[in-house]
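Reviewing the structure listed below.
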Amino acid sequence: MKHPSNKFEQKSNLKSDKLSIKWKIVIAMFLFTAIIILILWLFQVVFLENIYEHIKYRQLEQTTIGLLKSTDISELEKRAEQNANRYELCILIYDMTDNEVMITKDNLKNCWVHRYLLIERPDDRYWINTNLIKRYYNESKEAGGKAYIINQVRFQDDFANHTPPIPSEYTESEATNVMMVLTTKDTDGHEIVMLVNSILKPVNATVTTLNSMLLIISILILFIALLMGIGISHNISKPISQITSGAKKLAKGNYDVTFESNAYREIEELANTMNYAASELSKVDQLKNDLISNISHDLRTPLTLISGYAEMMRDLPDEITPENLQIIIDEADRMKNLVNDVLDISKIQSGTNQFEMQSFPLTNCIESELTRYNKLHDKDGYSIQFQYQEMVTVNGDCSCIMRVVYNLVNNAVTHAGADKQVLVVQEVDKKSQKVRISIIDHGDGIDADKLDLIWERYYKVDQTHKRAQIGTGLGLSIVKNIIKAHNGTYGVTSTKGEGSTFYFELDYISVEPI
(Lines give C-alpha, C1' and ligand atoms only; values in the text may rest on other atoms or scores of the structure.)
Protein backbone atom coordinates (compact mmCIF):
# COMPACT_ATOMS: atom_id res chain seq x y z
CA MET A 1 0.00 0.00 0.00
CA LYS A 2 1.39 3.41 -0.98
CA HIS A 3 1.68 6.12 1.65
CA PRO A 4 -0.64 9.13 1.10
CA SER A 5 2.32 11.46 1.08
CA ASN A 6 3.68 9.65 -1.98
CA LYS A 7 0.47 10.47 -3.86
CA PHE A 8 0.83 14.08 -2.79
CA GLU A 9 4.38 14.19 -4.10
CA GLN A 10 3.28 12.56 -7.38
CA LYS A 11 0.60 15.22 -7.87
CA SER A 12 3.13 17.92 -7.07
CA ASN A 13 5.48 16.52 -9.70
CA LEU A 14 2.70 16.45 -12.29
CA LYS A 15 2.08 20.18 -11.74
CA SER A 16 5.72 21.19 -11.63
CA ASP A 17 5.63 22.36 -15.26
CA LYS A 18 3.33 25.27 -14.33
CA LEU A 19 4.69 28.73 -13.59
CA SER A 20 5.16 29.54 -9.93
CA ILE A 21 3.41 32.52 -8.37
CA LYS A 22 6.79 34.25 -8.15
CA TRP A 23 7.30 34.37 -11.92
CA LYS A 24 3.63 35.09 -12.57
CA ILE A 25 3.92 38.22 -10.45
CA VAL A 26 7.17 39.23 -12.21
CA ILE A 27 5.60 38.74 -15.65
CA ALA A 28 2.40 40.56 -14.64
CA MET A 29 4.40 43.49 -13.25
CA PHE A 30 6.53 43.63 -16.39
CA LEU A 31 3.51 43.46 -18.72
CA PHE A 32 1.63 46.12 -16.75
CA THR A 33 4.59 48.47 -16.99
CA ALA A 34 4.99 47.71 -20.69
CA ILE A 35 1.31 48.54 -21.31
CA ILE A 36 1.67 51.85 -19.47
CA ILE A 37 4.75 52.72 -21.52
CA LEU A 38 2.92 51.71 -24.72
CA ILE A 39 0.08 54.09 -23.82
CA LEU A 40 2.61 56.87 -23.20
CA TRP A 41 4.20 56.24 -26.62
CA LEU A 42 0.79 56.19 -28.24
CA PHE A 43 -0.10 59.60 -26.81
CA GLN A 44 3.38 60.90 -27.59
CA VAL A 45 3.50 59.83 -31.24
CA VAL A 46 -0.15 59.85 -32.31
CA PHE A 47 -2.02 62.35 -30.15
CA LEU A 48 0.57 64.92 -29.05
CA GLU A 49 -0.05 67.29 -31.96
CA ASN A 50 -3.82 67.03 -31.62
CA ILE A 51 -3.64 67.65 -27.88
CA TYR A 52 -1.34 70.62 -28.42
CA GLU A 53 -3.71 72.14 -30.97
CA HIS A 54 -6.70 71.51 -28.72
CA ILE A 55 -5.02 73.36 -25.87
CA LYS A 56 -4.21 76.30 -28.13
CA TYR A 57 -7.79 76.49 -29.38
CA ARG A 58 -9.06 76.52 -25.78
CA GLN A 59 -6.62 79.30 -24.88
CA LEU A 60 -7.84 81.38 -27.82
CA GLU A 61 -11.48 80.85 -26.96
CA GLN A 62 -11.04 81.52 -23.24
CA THR A 63 -9.02 84.66 -23.92
CA THR A 64 -11.52 86.04 -26.42
CA ILE A 65 -14.52 85.35 -24.22
CA GLY A 66 -12.65 86.85 -21.29
CA LEU A 67 -12.07 90.07 -23.21
CA LEU A 68 -15.82 90.46 -23.64
CA LYS A 69 -16.21 90.80 -19.87
CA SER A 70 -14.27 94.08 -19.81
CA THR A 71 -16.47 97.17 -19.46
CA ASP A 72 -14.08 99.98 -20.46
CA ILE A 73 -11.09 100.52 -22.70
CA SER A 74 -8.49 100.65 -19.90
CA GLU A 75 -9.65 97.37 -18.38
CA LEU A 76 -9.85 95.80 -21.82
CA GLU A 77 -6.27 96.85 -22.62
CA LYS A 78 -5.00 95.51 -19.29
CA ARG A 79 -6.72 92.16 -19.80
CA ALA A 80 -5.40 91.95 -23.39
CA GLU A 81 -1.83 92.52 -22.20
CA GLN A 82 -2.12 89.89 -19.45
CA ASN A 83 -3.43 87.25 -21.83
CA ALA A 84 -0.89 88.07 -24.53
CA ASN A 85 1.98 87.61 -22.06
CA ARG A 86 0.51 84.56 -20.37
CA TYR A 87 -0.41 82.53 -23.45
CA GLU A 88 1.97 84.04 -26.05
CA LEU A 89 -0.83 85.54 -28.08
CA CYS A 90 -1.25 88.39 -30.50
CA ILE A 91 -4.42 90.44 -29.89
CA LEU A 92 -5.94 93.07 -32.18
CA ILE A 93 -9.22 94.87 -31.37
CA TYR A 94 -10.59 96.95 -34.26
CA ASP A 95 -13.49 99.42 -34.29
CA MET A 96 -15.37 98.72 -37.53
CA THR A 97 -17.60 101.77 -37.08
CA ASP A 98 -14.72 104.29 -36.83
CA ASN A 99 -12.30 102.15 -38.87
CA GLU A 100 -9.51 102.41 -36.32
CA VAL A 101 -7.37 100.14 -34.18
CA MET A 102 -8.42 100.25 -30.54
CA ILE A 103 -5.88 97.88 -28.95
CA THR A 104 -2.95 95.87 -30.22
CA LYS A 105 -0.92 93.56 -27.96
CA ASP A 106 1.49 90.81 -28.92
CA ASN A 107 3.93 88.41 -27.31
CA LEU A 108 4.92 86.44 -30.38
CA LYS A 109 8.11 86.64 -32.38
CA ASN A 110 6.23 86.40 -35.65
CA CYS A 111 2.78 87.66 -34.82
CA TRP A 112 0.54 86.59 -37.69
CA VAL A 113 -1.97 89.38 -37.07
CA HIS A 114 0.72 92.06 -37.10
CA ARG A 115 2.49 90.56 -40.10
CA TYR A 116 -0.60 90.57 -42.30
CA LEU A 117 -2.93 93.18 -40.88
CA LEU A 118 -0.60 95.80 -39.42
CA ILE A 119 2.66 96.50 -41.24
CA GLU A 120 5.13 98.78 -39.51
CA ARG A 121 6.35 101.76 -41.51
CA PRO A 122 9.76 103.48 -41.29
CA ASP A 123 8.14 106.46 -39.54
CA ASP A 124 6.98 104.16 -36.62
CA ARG A 125 3.46 104.06 -37.99
CA TYR A 126 1.79 101.13 -39.75
CA TRP A 127 -0.36 100.26 -42.71
CA ILE A 128 -3.73 98.68 -41.98
CA ASN A 129 -5.09 95.98 -44.28
CA THR A 130 -8.74 97.00 -43.91
CA ASN A 131 -9.88 94.67 -46.67
CA LEU A 132 -8.57 91.64 -44.82
CA ILE A 133 -10.08 92.82 -41.52
CA LYS A 134 -13.46 93.26 -43.21
CA ARG A 135 -13.18 89.76 -44.70
CA TYR A 136 -12.60 88.26 -41.24
CA TYR A 137 -15.37 90.41 -39.83
CA ASN A 138 -17.82 89.13 -42.44
CA GLU A 139 -16.77 85.50 -41.91
CA SER A 140 -17.31 85.86 -38.19
CA LYS A 141 -20.74 87.42 -38.67
CA GLU A 142 -21.74 84.62 -41.05
CA ALA A 143 -20.56 82.05 -38.48
CA GLY A 144 -22.72 83.60 -35.76
CA GLY A 145 -20.19 86.02 -34.32
CA LYS A 146 -17.24 83.63 -33.90
CA ALA A 147 -14.91 82.03 -36.45
CA TYR A 148 -11.51 80.35 -36.66
CA ILE A 149 -9.03 81.35 -39.41
CA ILE A 150 -6.20 78.92 -40.17
CA ASN A 151 -3.64 79.75 -42.87
CA GLN A 152 -6.34 81.09 -45.18
CA VAL A 153 -4.49 84.24 -46.29
CA ARG A 154 -1.28 84.62 -48.27
CA PHE A 155 0.80 87.72 -47.83
CA GLN A 156 1.30 88.14 -51.57
CA ASP A 157 -2.45 88.16 -52.25
CA ASP A 158 -3.19 91.03 -49.89
CA PHE A 159 -0.11 93.23 -50.27
CA ALA A 160 1.12 92.48 -53.76
CA ASN A 161 0.23 95.94 -55.00
CA HIS A 162 1.05 97.76 -51.81
CA THR A 163 2.86 101.09 -52.08
CA PRO A 164 5.51 101.58 -50.86
CA PRO A 165 6.88 98.02 -51.12
CA ILE A 166 6.63 95.83 -48.01
CA PRO A 167 9.95 94.59 -46.54
CA SER A 168 10.80 91.01 -47.56
CA GLU A 169 10.94 89.67 -43.98
CA TYR A 170 7.16 89.98 -43.83
CA THR A 171 6.63 87.75 -46.82
CA GLU A 172 7.91 84.49 -45.36
CA SER A 173 5.68 82.35 -43.21
CA GLU A 174 7.54 80.16 -40.70
CA ALA A 175 4.72 78.48 -38.84
CA THR A 176 1.08 77.44 -38.86
CA ASN A 177 -1.15 80.19 -37.53
CA VAL A 178 -4.59 80.05 -36.05
CA MET A 179 -6.76 83.04 -35.27
CA MET A 180 -10.10 83.39 -33.55
CA VAL A 181 -12.32 86.21 -34.80
CA LEU A 182 -15.18 87.41 -32.63
CA THR A 183 -17.57 90.27 -33.39
CA THR A 184 -19.52 92.27 -30.82
CA LYS A 185 -20.68 95.78 -29.95
CA ASP A 186 -19.29 98.15 -27.33
CA THR A 187 -21.32 100.31 -24.96
CA ASP A 188 -21.64 103.01 -27.65
CA GLY A 189 -23.10 100.55 -30.15
CA HIS A 190 -19.96 100.42 -32.31
CA GLU A 191 -19.19 97.20 -34.17
CA ILE A 192 -16.05 95.68 -32.66
CA VAL A 193 -14.00 92.84 -34.09
CA MET A 194 -11.51 90.97 -31.89
CA LEU A 195 -8.73 89.02 -33.56
CA VAL A 196 -6.75 86.74 -31.24
CA ASN A 197 -3.91 84.95 -32.96
CA SER A 198 -1.55 82.19 -31.86
CA ILE A 199 1.30 80.49 -33.69
CA LEU A 200 1.12 76.71 -33.67
CA LYS A 201 4.80 76.13 -33.27
CA PRO A 202 6.23 73.13 -35.10
CA VAL A 203 6.27 70.14 -32.73
CA ASN A 204 8.45 67.84 -34.85
CA ALA A 205 11.67 68.83 -33.12
CA THR A 206 9.99 68.71 -29.74
CA VAL A 207 8.55 65.28 -30.46
CA THR A 208 11.95 63.99 -31.52
CA THR A 209 13.49 65.24 -28.30
CA LEU A 210 10.67 63.81 -26.18
CA ASN A 211 10.87 60.47 -27.99
CA SER A 212 14.57 60.19 -27.22
CA MET A 213 13.94 60.98 -23.57
CA LEU A 214 10.94 58.65 -23.45
CA LEU A 215 13.01 55.81 -24.88
CA ILE A 216 15.59 56.17 -22.11
CA ILE A 217 12.88 56.53 -19.48
CA SER A 218 11.03 53.47 -20.84
CA ILE A 219 14.11 51.28 -20.57
CA LEU A 220 14.79 52.57 -17.07
CA ILE A 221 11.18 52.02 -15.97
CA LEU A 222 11.12 48.48 -17.37
CA PHE A 223 14.33 47.69 -15.51
CA ILE A 224 12.95 49.12 -12.27
CA ALA A 225 9.66 47.24 -12.80
CA LEU A 226 11.59 44.01 -13.27
CA LEU A 227 13.52 44.56 -10.03
CA MET A 228 10.35 45.52 -8.15
CA GLY A 229 8.50 42.49 -9.54
CA ILE A 230 11.28 40.16 -8.40
CA GLY A 231 11.36 41.81 -4.96
CA ILE A 232 7.58 41.77 -4.47
CA SER A 233 7.23 38.20 -5.75
CA HIS A 234 10.01 37.06 -3.44
CA ASN A 235 8.29 38.62 -0.42
CA ILE A 236 4.99 37.00 -1.41
CA SER A 237 6.23 33.58 -2.47
CA LYS A 238 8.77 33.01 0.32
CA PRO A 239 6.23 32.63 3.16
CA ILE A 240 4.00 30.54 0.88
CA SER A 241 6.94 28.25 0.10
CA GLN A 242 7.67 27.94 3.82
CA ILE A 243 4.06 27.03 4.54
CA THR A 244 4.09 24.53 1.65
CA SER A 245 7.23 22.92 3.04
CA GLY A 246 5.63 22.68 6.47
CA ALA A 247 2.43 21.26 4.94
CA LYS A 248 4.44 18.48 3.30
CA LYS A 249 5.94 17.60 6.69
CA LEU A 250 2.45 17.67 8.18
CA ALA A 251 1.20 15.33 5.45
CA LYS A 252 3.90 12.85 6.46
CA GLY A 253 2.66 12.82 10.05
CA ASN A 254 4.99 15.37 11.64
CA TYR A 255 2.50 17.21 13.85
CA ASP A 256 5.20 19.17 15.69
CA VAL A 257 5.75 21.43 12.68
CA THR A 258 5.08 25.13 13.36
CA PHE A 259 3.88 27.54 10.69
CA GLU A 260 5.21 31.05 11.18
CA SER A 261 4.74 34.13 9.01
CA ASN A 262 5.17 37.84 9.57
CA ALA A 263 4.63 38.72 5.91
CA TYR A 264 1.08 40.04 5.52
CA ARG A 265 -2.36 39.42 6.95
CA GLU A 266 -3.60 36.75 4.51
CA ILE A 267 -0.45 34.64 4.87
CA GLU A 268 -0.52 35.08 8.65
CA GLU A 269 -4.13 33.89 8.70
CA LEU A 270 -3.13 30.91 6.55
CA ALA A 271 -0.27 30.12 8.93
CA ASN A 272 -2.62 30.29 11.92
CA THR A 273 -5.09 28.04 10.12
CA MET A 274 -2.36 25.52 9.35
CA ASN A 275 -1.20 25.58 12.97
CA TYR A 276 -4.79 24.94 14.05
CA ALA A 277 -5.08 22.12 11.50
CA ALA A 278 -1.82 20.59 12.75
CA SER A 279 -3.13 20.74 16.33
CA GLU A 280 -6.45 19.18 15.36
CA LEU A 281 -4.78 16.47 13.27
CA SER A 282 -2.53 15.71 16.21
CA LYS A 283 -5.61 15.28 18.39
CA VAL A 284 -7.28 13.11 15.75
CA ASP A 285 -4.16 10.98 15.47
CA GLN A 286 -4.05 10.59 19.24
CA LEU A 287 -7.75 9.75 19.27
CA LYS A 288 -7.15 7.19 16.54
CA ASN A 289 -4.45 5.57 18.61
CA ASP A 290 -6.71 5.66 21.66
CA LEU A 291 -9.51 4.17 19.56
CA ILE A 292 -7.35 1.29 18.46
CA SER A 293 -6.05 0.77 21.99
CA ASN A 294 -9.42 0.99 23.70
CA ILE A 295 -11.35 -0.97 21.10
CA SER A 296 -8.76 -3.70 21.11
CA HIS A 297 -8.77 -3.77 24.91
CA ASP A 298 -12.56 -3.64 25.23
CA LEU A 299 -12.95 -6.42 22.67
CA ARG A 300 -9.99 -8.51 23.80
CA THR A 301 -11.13 -8.68 27.44
CA PRO A 302 -14.65 -10.04 26.83
CA LEU A 303 -13.36 -12.31 24.07
CA THR A 304 -10.74 -13.69 26.45
CA LEU A 305 -13.32 -14.26 29.15
CA ILE A 306 -15.78 -15.85 26.75
CA SER A 307 -13.10 -18.07 25.27
CA GLY A 308 -11.71 -18.98 28.70
CA TYR A 309 -15.04 -19.83 30.27
CA ALA A 310 -16.17 -21.74 27.17
CA GLU A 311 -12.96 -23.87 27.14
CA MET A 312 -13.28 -24.43 30.90
CA MET A 313 -16.87 -25.64 30.54
CA ARG A 314 -15.85 -27.81 27.62
CA ASP A 315 -13.02 -29.46 29.56
CA LEU A 316 -14.82 -29.49 32.93
CA PRO A 317 -18.49 -30.38 32.55
CA ASP A 318 -19.05 -29.60 36.23
CA GLU A 319 -18.28 -25.91 35.51
CA ILE A 320 -21.32 -25.54 33.29
CA THR A 321 -23.15 -23.43 35.82
CA PRO A 322 -25.65 -20.56 35.50
CA GLU A 323 -23.06 -18.18 36.94
CA ASN A 324 -20.44 -19.03 34.30
CA LEU A 325 -23.00 -18.89 31.53
CA GLN A 326 -24.14 -15.48 32.78
CA ILE A 327 -20.54 -14.23 32.60
CA ILE A 328 -20.35 -15.30 28.96
CA ILE A 329 -23.71 -13.63 28.26
CA ASP A 330 -22.64 -10.38 30.02
CA GLU A 331 -19.38 -10.19 28.12
CA ALA A 332 -21.14 -10.88 24.83
CA ASP A 333 -23.62 -8.08 25.66
CA ARG A 334 -20.71 -5.76 26.41
CA MET A 335 -19.22 -6.50 22.95
CA LYS A 336 -22.64 -6.01 21.33
CA ASN A 337 -23.16 -2.67 23.08
CA LEU A 338 -19.71 -1.50 22.02
CA VAL A 339 -20.34 -2.37 18.38
CA ASN A 340 -23.80 -0.77 18.51
CA ASP A 341 -22.41 2.45 20.00
CA VAL A 342 -19.76 2.66 17.31
CA LEU A 343 -22.41 2.17 14.63
CA ASP A 344 -24.79 4.68 16.25
CA ILE A 345 -22.24 7.47 16.52
CA SER A 346 -21.12 6.83 12.94
CA LYS A 347 -24.73 7.16 11.74
CA ILE A 348 -25.31 10.36 13.72
CA GLN A 349 -22.10 12.02 12.51
CA SER A 350 -22.69 10.98 8.88
CA GLY A 351 -26.29 12.25 8.96
CA THR A 352 -27.83 8.91 8.01
CA ASN A 353 -29.57 8.51 11.37
CA GLN A 354 -33.22 9.54 11.11
CA PHE A 355 -34.63 11.31 14.18
CA GLU A 356 -38.37 10.98 14.89
CA MET A 357 -39.20 14.48 16.07
CA GLN A 358 -42.41 14.75 18.12
CA SER A 359 -43.56 16.29 21.40
CA PHE A 360 -43.08 14.13 24.51
CA PRO A 361 -43.16 14.66 28.31
CA LEU A 362 -39.49 15.04 29.16
CA THR A 363 -39.95 14.96 32.94
CA ASN A 364 -41.97 11.73 32.90
CA CYS A 365 -39.55 10.04 30.50
CA ILE A 366 -36.53 10.90 32.66
CA GLU A 367 -38.32 9.64 35.75
CA SER A 368 -39.07 6.35 33.99
CA GLU A 369 -35.52 6.06 32.65
CA LEU A 370 -34.02 6.37 36.13
CA THR A 371 -36.05 3.45 37.45
CA ARG A 372 -33.66 1.07 35.63
CA TYR A 373 -31.00 2.05 38.15
CA ASN A 374 -33.02 0.65 41.10
CA LYS A 375 -31.15 -2.64 40.92
CA LEU A 376 -27.82 -0.82 40.86
CA HIS A 377 -28.98 1.19 43.90
CA ASP A 378 -29.95 -1.93 45.82
CA LYS A 379 -26.84 -3.92 44.88
CA ASP A 380 -23.98 -1.41 45.11
CA GLY A 381 -25.41 1.32 47.32
CA TYR A 382 -25.68 4.10 44.68
CA SER A 383 -28.16 6.91 45.29
CA ILE A 384 -29.68 8.53 42.19
CA GLN A 385 -32.17 11.32 42.85
CA PHE A 386 -34.28 13.37 40.42
CA GLN A 387 -35.28 16.89 41.46
CA TYR A 388 -37.89 18.89 39.51
CA GLN A 389 -40.69 21.37 40.15
CA GLU A 390 -42.60 21.40 36.83
CA MET A 391 -43.69 18.92 34.21
CA VAL A 392 -41.98 19.88 30.95
CA THR A 393 -42.87 18.93 27.38
CA VAL A 394 -40.30 19.24 24.58
CA ASN A 395 -40.07 18.42 20.89
CA GLY A 396 -37.55 15.80 19.82
CA ASP A 397 -36.74 12.12 19.49
CA CYS A 398 -37.68 10.65 22.86
CA SER A 399 -35.50 7.54 22.59
CA CYS A 400 -32.43 9.60 21.61
CA ILE A 401 -32.92 12.14 24.42
CA MET A 402 -33.29 9.27 26.89
CA ARG A 403 -30.07 7.85 25.45
CA VAL A 404 -28.45 11.16 26.38
CA VAL A 405 -29.80 10.97 29.95
CA TYR A 406 -28.75 7.32 30.25
CA ASN A 407 -25.20 8.03 29.04
CA LEU A 408 -24.76 11.03 31.34
CA VAL A 409 -26.04 9.11 34.36
CA ASN A 410 -23.77 6.19 33.44
CA ASN A 411 -20.84 8.57 33.29
CA ALA A 412 -21.78 10.08 36.68
CA VAL A 413 -22.10 6.61 38.27
CA THR A 414 -18.72 5.58 36.84
CA HIS A 415 -17.01 8.65 38.31
CA ALA A 416 -19.13 9.06 41.48
CA GLY A 417 -17.31 9.83 44.68
CA ALA A 418 -17.17 7.83 47.87
CA ASP A 419 -20.71 8.92 48.74
CA LYS A 420 -21.98 7.20 45.58
CA GLN A 421 -24.56 9.95 45.09
CA VAL A 422 -25.76 11.19 41.71
CA LEU A 423 -28.21 14.08 41.44
CA VAL A 424 -30.34 14.77 38.35
CA VAL A 425 -31.84 18.30 38.36
CA GLN A 426 -34.42 19.80 36.00
CA GLU A 427 -34.45 23.63 35.75
CA VAL A 428 -36.77 25.78 33.64
CA ASP A 429 -35.82 29.21 32.31
CA LYS A 430 -39.08 30.82 31.20
CA LYS A 431 -37.31 33.91 29.88
CA SER A 432 -35.37 31.97 27.23
CA GLN A 433 -37.97 29.15 27.12
CA LYS A 434 -35.36 26.48 27.72
CA VAL A 435 -35.15 23.54 30.06
CA ARG A 436 -31.81 22.41 31.50
CA ILE A 437 -31.11 18.88 32.71
CA SER A 438 -28.03 18.68 34.97
CA ILE A 439 -26.36 15.48 36.19
CA ILE A 440 -24.15 16.07 39.22
CA ASP A 441 -21.58 13.77 40.82
CA HIS A 442 -19.09 14.25 43.68
CA GLY A 443 -16.13 12.46 42.13
CA ASP A 444 -12.54 13.53 41.42
CA GLY A 445 -13.48 16.24 38.91
CA ILE A 446 -11.78 17.14 35.63
CA ASP A 447 -8.90 19.53 34.89
CA ALA A 448 -10.00 22.75 33.17
CA ASP A 449 -7.73 22.19 30.16
CA LYS A 450 -9.39 18.83 29.47
CA LEU A 451 -13.05 19.87 29.60
CA ASP A 452 -13.28 20.39 25.82
CA LEU A 453 -11.59 17.08 25.06
CA ILE A 454 -13.83 14.74 27.02
CA TRP A 455 -16.55 15.01 24.36
CA GLU A 456 -14.29 13.33 21.78
CA ARG A 457 -14.55 9.65 21.10
CA TYR A 458 -12.43 7.50 23.40
CA TYR A 459 -10.71 10.44 25.05
CA LYS A 460 -9.83 9.39 28.59
CA VAL A 461 -9.05 11.82 31.38
CA ASP A 462 -7.11 9.05 33.05
CA GLN A 463 -4.96 7.57 30.29
CA THR A 464 -4.50 4.33 32.21
CA HIS A 465 -7.24 2.14 30.79
CA LYS A 466 -9.96 1.04 33.20
CA ARG A 467 -13.04 -0.88 32.19
CA ALA A 468 -16.15 1.17 32.74
CA GLN A 469 -18.68 -0.16 35.18
CA ILE A 470 -21.37 0.76 32.72
CA GLY A 471 -21.02 1.87 29.10
CA THR A 472 -18.48 1.61 26.31
CA GLY A 473 -16.46 4.86 26.39
CA LEU A 474 -18.46 6.48 23.59
CA GLY A 475 -21.23 7.89 25.78
CA LEU A 476 -20.22 11.57 25.88
CA SER A 477 -19.51 11.69 22.16
CA ILE A 478 -23.00 10.27 21.49
CA VAL A 479 -24.47 12.89 23.85
CA LYS A 480 -22.74 15.71 21.98
CA ASN A 481 -23.95 14.62 18.56
CA ILE A 482 -27.55 13.95 19.62
CA ILE A 483 -27.92 17.33 21.36
CA LYS A 484 -26.37 19.15 18.38
CA ALA A 485 -28.86 17.38 16.09
CA HIS A 486 -31.68 18.74 18.31
CA ASN A 487 -30.26 22.31 18.09
CA GLY A 488 -29.61 22.23 21.81
CA THR A 489 -26.58 23.09 23.91
CA TYR A 490 -24.45 20.95 26.17
CA GLY A 491 -21.53 21.44 28.51
CA VAL A 492 -19.76 20.60 31.71
CA THR A 493 -18.47 22.42 34.76
CA SER A 494 -16.04 20.75 37.08
CA THR A 495 -13.94 21.47 40.15
CA LYS A 496 -10.97 19.25 40.83
CA GLY A 497 -11.61 17.11 43.91
CA GLU A 498 -15.25 18.18 44.25
CA GLY A 499 -17.00 16.62 41.27
CA SER A 500 -18.56 17.50 37.91
CA THR A 501 -21.86 18.74 36.52
CA PHE A 502 -22.83 17.68 33.02
CA TYR A 503 -25.83 19.38 31.45
CA PHE A 504 -27.83 19.84 28.26
CA GLU A 505 -30.50 22.38 27.29
CA LEU A 506 -33.50 22.11 24.94
CA ASP A 507 -36.32 24.43 23.92
CA TYR A 508 -39.53 23.44 25.68
CA ILE A 509 -43.11 23.48 24.33
CA SER A 510 -45.02 23.76 27.59
CA VAL A 511 -44.50 23.79 31.35
CA GLU A 512 -47.10 22.64 33.90
CA PRO A 513 -46.89 22.76 37.67
CA ILE A 514 -46.79 19.50 39.58
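Position 1 is the first residue of the sequence, and the numbers go up from there. When reading the values below, keep in mind they use all heavy atoms of this one structure, side chains included, and skip hydrogens, waters and symmetry mates. The model shown is predicted, which means the values in this text are computed figures rather than measured ones.
Asn324 and Met312 make their closest contact through ND2-CE, 3.6 Å (heavy atoms, listed as atom of the first residue, atom of the second, distance). Across every non-hydrogen atom of Ser494 and Gly445, the tightest pair is OG-CA, 3.3 Å. Of all heavy-atom pairs spanning Val257 and Asn275, the tightest one is O-OD1, 4.4 Å. Counting all heavy atoms, side chain and backbone alike, Thr33 lies closest to Ala225 at OG1-CB, 3.1 Å. The minimum heavy-atom distance between Gln385 and Ser383, with the atom names listed, is NE2-OG, 3.7 Å. Contact detail for Met180 and Glu61: the closest heavy-atom pair is SD-CA, 3.5 Å.
Two residues are said to be in side-chain contact when any heavy atoms from C-beta on lie closer than 4.5 Å; Tyr388 and Ile514 meet this criterion. In this structure, the side chains of Met313 and Pro317 stay at 4.5 Å or more apart for every pair of heavy atoms. Within the 4.5 Å cutoff, side-chain heavy atoms of Val428 are placed close to those of Tyr508. Counting only heavy atoms from C-beta outward, the side chains of Val425 and Ile440 approach each other to under 4.5 Å. Looking at Ser399 and Arg403, their side chains never come closer than 4.5 Å, going by heavy atoms from C-beta outward. When side chains are defined from C-beta on, Asp507 does not count as touching Asn395, because their heavy atoms never get closer than 4.5 Å. Using a 4.5 Å cut-off on side-chain heavy atoms (C-beta onward), Leu215 and Trp41 make contact.
Proximity of a side-chain donor or acceptor of Asn83 to a complementary backbone N or O of Arg79 within less than 3.5 Å is detected. One N or O on the side chain of Thr63 and one on the backbone of Gln59 form a donor-acceptor pair closer than 3.5 Å. Without hydrogens or angle criteria, Asn411 side chain to Asn407 main chain gives no donor-acceptor distance under 3.5 Å. Of the possible polar contacts, one joining the Thr371 side chain to the Ser368 backbone as a donor-acceptor pair under 3.5 Å is found.
Partner of Phe504 under the side chain to side chain contact (heavy atoms under 4.5 Å, CB included) criterion, out of Thr489, Leu408, Val479: Leu408 alone. Between Ile439 and the options Val492, Val424, Leu423, a side chain to side chain contact (heavy atoms under 4.5 Å, CB included) holds for only Val424.
Looking at Arg436 and Glu505, a side-chain N of the basic residue comes within less than 4.0 Å of a carboxylate O on the acidic one, giving a salt bridge. In summary, Lys496 and Asp447 engage in a salt bridge, as defined by a charged side-chain N under 4.0 Å from a carboxylate O. Ion pairing between Asp429 and Lys434 fails under the 4.0 Å rule for side-chain N and carboxylate O.
Taking the six-membered ring where the residue is Trp, the centroids of Phe32 and Phe30 are separated by 6.0 Å or more.
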Side chain to side chain contact (heavy atoms under 4.5 Å, CB included) for Asp444 and Glu498? Distances and angles first, verdict last.
CA-CA 6 Å; Asp444 296 333; Glu498 298 182 9; over 6 Å; no
Verify side chain to side chain contact (heavy atoms under 4.5 Å, CB included) between Ile509 and Val394, making sure each step is shown before the conclusion.
CA-CA 5 Å; Ile509 298 176; Val394 299; 5.5 Å; no
Step-by-step side chain to side chain contact (heavy atoms under 4.5 Å, CB included) determination, Thr493 to Phe502
CA-CA 7 Å; Thr493 58; Phe502 287 82; over 6 Å; no
Show your working on side chain to side chain contact (heavy atoms under 4.5 Å, CB included) between Ile401 and Phe360 and close with a plain yes or no.
CA-CA 10 Å; Ile401 298 299; Phe360 67 93; 4.0 Å; yes
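A distance of 10.0 Å separates CD1 in Ile482 from OG in Ser477, rounded to the nearest 0.5 Å. Distance check, rounded to the nearest 0.5 Å: CD of Gln426 to CD of Gln387 gives 11.0 Å. Going from atom CG of Leu506 over to atom CG of Leu362 covers 7.0 Å, rounded to the nearest 0.5 Å. Thr321 contributes atom OG1, which lies 11.5 Å from atom CG of Leu316 (distance to the nearest 0.5 angstrom). Between atom CG of residue Leu89 and atom CD of residue Gln82 there is a gap of 12.5 Å, rounded to the nearest 0.5 Å. Atom CE of Met213 sits about 11.0 Å away from atom OG of Ser218, to the nearest 0.5 Å.
Counting non-hydrogen atoms of other residues, nucleotides and ligands closer than 6.0 Å to CE of Met228 gives a total of 12 or fewer.
Judged purely by distance below 3.5 Å, without hydrogens or angles, the side chains of His415 and Asp441 never pair a donor atom with an acceptor atom. No side-chain N or O of Thr363 forms a donor-acceptor pair with one of Glu390 less than 3.5 Å apart.
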